[in-house]
Every structure is written in C-alpha cells, then in structure tokens.
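Only a predicted model underlies this, so the values are computations on that prediction, with no experimental measurement involved.
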Protein chains: 2
Amino acid sequence: MDLNTVEKGGRNAPTLASIAEKVGVSVNTVSRALRAPNTVRPELRRRINSAMEELNYVPNRLAGGLSSTRSDIVAVVVTSLYYSEFASIVDSLQSALLERDMQVMLANTRYDADQEQRLVRSLLSWRPTAVAIIGVDHPPKVVELLKASGIPIIEMWDTGGEVIDTAVGFDHTAVGAAQADHLIAGGYRRLAFVGSVRENDKRAQKRLRGLEDGAALAGLPRIVTHTDQQGGSSELGERLAHELLEYHPEIDAIACNSDVVAFGVLRALKKLGKRVPEDIGVVGFGDNEAASCVSPALTTIRPNRETIGKLTAEAIFARINGVPPSITLVDWKLVVRESAIRKETR
Amino acid sequence: MDLNTVEKGGRNAPTLASIAEKVGVSVNTVSRALRAPNTVRPELRRRINSAMEELNYVPNRLAGGLSSTRSDIVAVVVTSLYYSEFASIVDSLQSALLERDMQVMLANTRYDADQEQRLVRSLLSWRPTAVAIIGVDHPPKVVELLKASGIPIIEMWDTGGEVIDTAVGFDHTAVGAAQADHLIAGGYRRLAFVGSVRENDKRAQKRLRGLEDGAALAGLPRIVTHTDQQGGSSELGERLAHELLEYHPEIDAIACNSDVVAFGVLRALKKLGKRVPEDIGVVGFGDNEAASCVSPALTTIRPNRETIGKLTAEAIFARINGVPPSITLVDWKLVVRESAIRKETR
DNA sequence: TTGAAAGCGTTACCAG
DNA sequence: CTGGTAACGCTTTCAA
C-alpha cells in the first residue's frame with residue numbers, strides 16, 4: 001500500500017512480539033490466537049487479527065518449526081521434470097498437501113545418483129515432515145540417510161523392489177509384459193525395444209525385462225534392444241529406429257520406453273516407407289498428451305499419475321498419524337489406439 | 001545401517017552440540033568447521049568431519065535460517081505444471097540454484113487468484129531468500145505482500161506490464177503479432193484464434209491482443225476468437241475448431257494458444273476434410289516436444305524456457321548481492337514447419 | 001483465559 | 001584459532 005511499509009519490510013518484519021505489544025497482551029496469547037483461536041476471548045481475538053492484518057504480519061515458520069520440531073515441509077525428489085514425466089504427480093501431490101498447509105520442497109536428480117545423495121541430504125536439513133521420492137532403487141547412502149531421518153518416506157511410481165517405508169506406484173515389469181502381450185495379440189512376432197535407458201533408470205530396465213519375459217513366454221525369439229543413455233526425445237527415437245531397422249530388418253514391432261521416443265520412431269518408419277501398423281507395430285509408454293494426435297495414433301500405457309500424487313499425500317497423512325507403512329498399487333492401463341493392431345489380423 | 005540407528009533417528013537427531021561433545025570442542029568451533037573450514041585447525045577439522053560422518057549428522061537449517069535470517073530457500077510460484085508449460089523453467093532454475101545450495105519451494109496456483117494469494121503468504125512464512133513467480137499480473141494483495149517482504153522478487157515469463165522488482169521473460173504481445181505476421185506471410189487472410197484463455201491467464205490475453213493488432217495492421221478483417229475457460233487439451237482444440245468452422249467457414253488460418261490445442265485443431269481439420277496448410281493454416285505456441293511429430297508438423301513459437309530459468313537464478317544472485325533490479329528480455333523464436341505455409345503461395 | 005519462562009539448534013559477536 | 005554468550009521468533013510447559 002504505502003511506500004513506507006514497503007521499504008521497512010524485509011529487515012525487520014513484524015513478529016508475534018510486535019503484535020503482542022500493539023494489542024497489549026503477551027506473545028503467548030497472540031500465538032494461541034493463531035493456532036487455537038477458541039482458547040482466546042473473541043473480542044481479544046478480533047483485536048489481534050486486525051493488528052496482524054494492519055501490520056501485514058507473516059508468521060515465521062522457521063522459528064515455528066524449530067520450536068515445535070514439526071516443519072510441514074514435504075521434500076519431493078523426482079528424477080526428471082521433462083515431458084510431463086512426473087510433473088503431474090508433483091502437481092496433484094502439491095495440491096493435496098495444500099489442504100494441510102504443507103509445502104513442497106522440490107529437487108530433481110536428473111537420474112544422477114550422486115546428485116540424489118546430495119539433494120536428499122540437503123532436503124533433510126530442512127527437517128521435512130516426510131519425503132516423497134521417485135523410485136525404490138537408491139544408492140545405499142541415500143537409503144541410510146532416509147532411514148536415519150526417522151520420518152515417513154514415501155517411494156512413488158515404482159513398487160517393484162525393496163521399499164524403505166511406504167510405497168505408492170505400480171509394477172513396471174508388468175507394464176513391459178503388457179506391451180509384449182499387446183504386440184503379440186496384434187499379430188507381431190519379432191519384437192524390439194527402443195529408447196533412452198539410463199543407468200539409473202531402474203524403472204525403464206524393469207519394463208524392458210517385462211517385455212523380454214513376455215516375449216520369451218510366448219516362445220518368440222529373443223527381442224532386440226537398442227537403447228541409449230541420452231535422454232528420451234523424438235530425435236533419439238528417430239535415430240534409434242533407423243539404426244535398428246538397418247541391422248534388424250526382420251523386426252515387425254517396436255516397444256518404446258516413452259511416447260516421445262515413439263513419436264520419433266513413427267517418423268522414422270514413415271521416412272523408411274514402412275506402414276504402421278501394417279508392416280510394423282509400435283507401442284509407447286506414458287500416454288503423452290500428444291499420443292492421440294500423431295498418426296497413426298499411438299497405442300501406449302497410461303500410468304495414473306494424478307492418483308499416485310493424491311495417494312502419496314494420503315500416505316503421508318496416514319504415516320504421520322501413526323498408521324503403519326504400506327504398499328499401494330496404483331492401476332495403469334493400456335490405451336489401445338491405432339499403432340499396434342495389424343490390419344490383416346482382424 | 002543397523003536398525004537401532006534407524007529407530008532412534010527422527011526424535012533426537014544429532015546436533016552440533018552432539019558433535020562438539022564427542023570431539024571435545026565447543027559448538028562454535030564445529031559450526032565454523034562447517035561454514036568456514038579454513039578457520040579451523042586441519043587436524044581438528046578432520047576429527048569433526050569424521051564425527052559428523054559417523055553420527056550421520058544433518059544440519060538443521062531451520063535453526064540456521066532463524067539465527068542467520070537467511071534461509072536459502074527460493075519460493076517458486078507457477079500457474080501450471082502440465083504440458084511442460086513451466087516444468088523446464090523450474091527444472092533449469094532449480095539446477096542453477098543448486099550450485100549455491102539453495103532449495104526450491106514450489107507452489108502451483110493453477111491460475112487461481114485466491115490460491116495465489118494464499119500460496120504466496122504461505123511461502124513467505126518460510127522467509128525465502130527470494131521469490132520467483134510466473135507473470136507480472138497479480139492481485140493487489142499479492143503485490144503488497146511481495147513488496148512488503150523486502151526480498152528480491154523475480155517475475156518470470158512475461159515482461160509486459162508493471163514489474164514489482166525484477167523480471168525475466170518476454171513480450172507476449174509480440175508473440176501474438178509474430179503469429180499474425182507469419183500467417184499473413186503464408187498467404188492467409190481470415191484469421192481466427194482458438195484455445196483456453198482463462199480469466200487469470202493474462203499472457204494468453206496479451207498474445208491474443210498481439211494477434212488482433214497484427215491482423216488489423218495488415219488491414220485484415222477482425223479476427224474471430226473462439227476460446228474457453230477450461231484448460232488447454234487436444235480435445236478442447238478439436239471441439240473449438242469444429243465449432244469455429246461451423247459458424248465461420250470463411251476462416252483460413254487458426255492461431256492457437258498452445259501446441260496441445262493446435263494438435264486437436266489439426267485433428268478436427270483432418271476429420272472435416274480440410275487440408276493443412278493448403279486450405280487452412282495453423283500456428284501454435286509453446287513448442288511442445290511433439291510439435292514436430294504431428295502431421296503436418298506444427299509451426300509454432302518456441303519460448304526459451306531453459307534460459308528463463310537460468311537467468312532467473314542469476315537475477316536472484318545478483319539482487320542478493322545488491323545489484324539493482326532489472327528487466328531481462330529473453331528471446332523466443334518462430335519455428336517454421338509445415339502447418340502454416342500455403343503451398344500455392346510458394 | 002492468560003502470562004512467564006525455558007527451550008528448539010544455529011549463527012553472530014566479542015573476548016581471549 | 002577457539003570459546004562464551006546472546007540472540008533469532010516461535011511453541012511448550014506450567015502457573016496464575
């Protein structure tokens with residue numbers, strides 16, 4: 001409003017004491033008026049509130065947290081923020097947390113194990129109420145730090161492994177198997193796997209394993225895999241598909257590690273004069289918002305990201321209230337579109 | 001490691017005092033060993049470090065922040081996390097901040113003004129070192145809170161308006177004008193605008209205005225706009241395009257408020273038997289990772305999100321070090337692909 | 001219903 | 001180079 005207020009700000013923001021003094025009560029009473037309004041006489045409460053409003057009082061949660069040893073910060077660790085990969089998990093988690101006035105402190109490891117350790121340590125130093133982290137495969141030191149913190153740890157997205165405390169996600173091996181099954185049901189026999197599979201992307205590795213097992217179970221020849229450490233992109237998909245078909249022209253189906261990669265694969269196939277789905281079937285993973293917009297429309301797996309975020313928030317609340325650890329499986333589904341049904345097969 | 005450690009954790013984590021006691025020095029010395037290692041005898045420093053390692057010491061930054069009145073938290077406020085809209089800004093910002101060991105505290109307003117006020121207040125209570133927020137148009141109360149906080153405020157993404165302190169972004173009106181210019185140069189004359197334009201999405205409104213002005217400047221008839229409050233999606237784009245062409249069959253070019261909407265528009269046009277770019281030109285905004293994968297490949301505007309994130313971090317550092325406020329324009333570019341060049345025109 | 005006093009775990013300041 | 005001692009702003013007993 002007026003410039004004086006503005007200039008004063010920062011250096012010496014109003015404290016509970018300022019309010020207390022102004023109203024003529026003790027710090028204590030002001031504090032209670034904030035946290036337990038009905039333990040304070042209504043008239044007094046009103047005066048306190050208006051004093052706060054007038055001085056533009058903003059509580060200092062650093063002090064509050066230090067004093068109460070509860071911080072209401074939730075540390076969230078993701079491995080990527082690109083391509084909607086985890087953005088909507090964070091989104092729904094944050095929005096659910098909001099109802100309890102909890103804040104998200106975000107860190108992104110970019111699939112780097114050292115970074116993960118550094119970030120977790122750093123995050124822990126804020127004494128979060130809980131940490132929500134992507135995946136169940138972490139370097140030993142990270143696991144140790146997390147365990148030693150004594151707070152609820154929610155591992156999200158993947159449940160296929162040893163969980164530290166509580167997990168909300170799904171089985172990525174099953175996803176790979178579903179890709180295989182769908183391709184096989186679509187009439188394809190010589191499967192390949194293509195995409196970015198980073199050393200630390202254990203989920204991608206699990207999906208690949210599921211795909212391999214699915215093919216083996218059906219008595220198909222060993223699947224051809226062609227991957228790269230570099231991050232997924234349509235350019236990568238295009239390149240990998242070109243290379244793949246050069247060396248393995250017999251391939252008639254390609255499972256991709258992400259939709260974006262699949263988009264590039266589709267582009268490569270078009271350039272090579274291969275018809276999809278007639279000559280080659282393609283299936284993606286992730287259900288990118290554009291999956292239905294490419295042609296042919298991409299058949300893919302849709303993980304339930306919103307639900308994972310929401311259930312993670314609920315798991316945090318539950319754990320804080322003493323509910324024992326748990327593992328929650330969140331459903332996903334195969335979204336059948338056009339890219340993996342052999343027309344002749346119908 | 002061993003379960004006892006684990007169980008003990010949380011409740012009484014090791015403090016500087018624990019370390020001090022163990023090593024037989026004062027708390028003070030331990031603190032300095034951490035923050036200014038070379039003010040402590042090397043041998044002592046080593047003993048302190050190993051004691052910390054052994055006890056799995058994690059500093060309590062709530063206490064540190066309270067004491068030093070510097071928190072190293074950067075509050076980041078976005079209006080959306082979907083569709084890579086701002087995810088990569090957050091990504092690059094966070095990664096740049098990491099070098100100074102600063103943490104991102106994230107909030108998402110989802111284009112809701114009340115939410116924005118609530119979130120900003122809440123964020124401010126953590127006494128962040130700076131706040132980075134999307135846009136320059138905020139409710140008066142938010143502006144007041146932000147100003148009163150006395151910390152550096154970096155407004156990102158948009159620079160077209162009154163800035164509180166410092167801004168890093170671009171002029172959205174110019175983007176709209178560029179869309180118009182490109183369509184006009186492509187040989188189109190009856191322009192339309194389609195997409196999700198929320199009441200609080202001032203950037204979208206500015207782009208629309210730029211488009212209108214561009215068309216007017218070229219002496220074209222008033223452009224037809226067909227928008228919705230609902231969030232952008234390909235379904236929305238498809239529906240809006242259908243409706244648009246039903247009432248305005250004369251339209252020969254559509255500028256979209258986002259690529260995802262444009263994807264839906266392309267789908268609608270295909271269903272209607274309209275050829276793109278021959279019959280109708282389409283241009284998007286955002287350069288979604290799939291823009292080059294739809295057919296025809298989408299011509300769109302590519303904002304430089306990474307740069308915005310990086311420069312925002314730099315602006316924060318600069319402001320903290322007393323460098324005066326500034327407005328930094330970040331370039332963007334028109335990525336010409338196939339959807340907006342009339343073949344006959346060539 | 002209200003207040004006084006003792007922390008919470010650091011950092012800052014000043015001596016030694 | 002090291003150690004006391006006082007904040008930092010709030011919450012938590014415990015009394016009144």
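- Contacts between residues 18-27 of chain B and DNA chain D, counted as heavy-atom distances below 4.0 Å, involve B:Val25, B:Ser26.
- At whole-Å resolution of the value, CD in B:Glu43 and P in D:dC1 are 14 Å apart.
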B:Ser122/B:Arg118 under side chain to side chain donor-acceptor pair (under 3.5 Å): CA gap, chis, key distance, verdict:
CA-CA 6 Å; B:Ser122 187; B:Arg118 187 170 160 215; over 6 Å; no

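- Checked by atom type, the side-chain pair A:Asn60/A:Thr15 shows no donor-acceptor distance below 3.5 Å.
- In the set D:dG3, D:dT12, C:dG9, the nucleotide with an atom closest to the side chain of B:Ala63 is C:dG9.
- With hydrogens and angles ignored, the 3.5 Å screen pairs a side-chain donor or acceptor of B:Ser92 with a backbone N or O of B:Glu306.
- B:Arg127 places no side-chain N or O within donor-acceptor distance of the main-chain N or O of B:Ser71, the cut-off being under 3.5 Å.
- Comparing D:dG9, D:dC10, D:dT12 against the side chain of A:Arg35 picks out D:dT12 as the nearest.
- For the pair A:Arg41 CZ and C:dT2 C1', the computed distance is 9 Å after rounding to whole Å.
- Residue B:Thr29 has a polar side-chain atom (N or O) positioned under 4.0 Å from OP1 or OP2 of D:dG3.
- When every heavy atom of A:Phe86 is checked against every heavy atom of A:Ile134, the shortest pair comes out as CD2-CD1, 3.7 Å.
- For the 3.5 Å distance criterion, the side chains of A:Asp201 and A:Thr79 fail to qualify, holding no donor opposite an acceptor.
- Residue contacts shown for A:Arg32 include a base, since a base heavy atom lies under 4.0 Å away.
- When the P atom of C:dT2 is taken as reference, atom CG of A:Leu16 falls 15 Å away, rounded to whole Å.
- Comparing C:dG3, D:dT11, D:dA7 by their nearest atom to the side chain of B:Ser67 picks out D:dA7.
- To the nearest angstrom, C1' of D:dC1 lies 16 Å from CZ of B:Arg46.
- Taking atom OH of residue B:Tyr57 and atom P of nucleotide C:dG9, one finds them 10 Å apart after rounding to whole Å.
- Among the atoms of the strands shown, only primed sugar atoms or phosphate atoms (P, OP1, OP2) are found under 4.0 Å from some heavy atom of A:Leu44.
- With DNA chain D read from its 5' end, the first of the two nearest nucleotides for A:Asn60 and B:Pro42 is the one closest to B:Pro42.
- A:Arg70 comes within 4.0 angstrom of the backbone, heavy atoms only, and of no base.
- Counting any heavy atom pair closer than 4.0 Å across all strands shown, A:Arg61 reaches no nucleic acid atom.
- OP1 or OP2 of D:dT11 lies within a sub-4.0 Å distance of a side-chain N or O belonging to A:Ser31.
- Formation of a donor-acceptor pair under 3.5 Å by the A:Asp158 side chain with backbone atoms of A:Gly160 is found in this model.
- Candidate nucleotides D:dC8, D:dC1, D:dT11 were compared by shortest atom distance to the side chain of B:Leu66, and D:dC8 ranks first.
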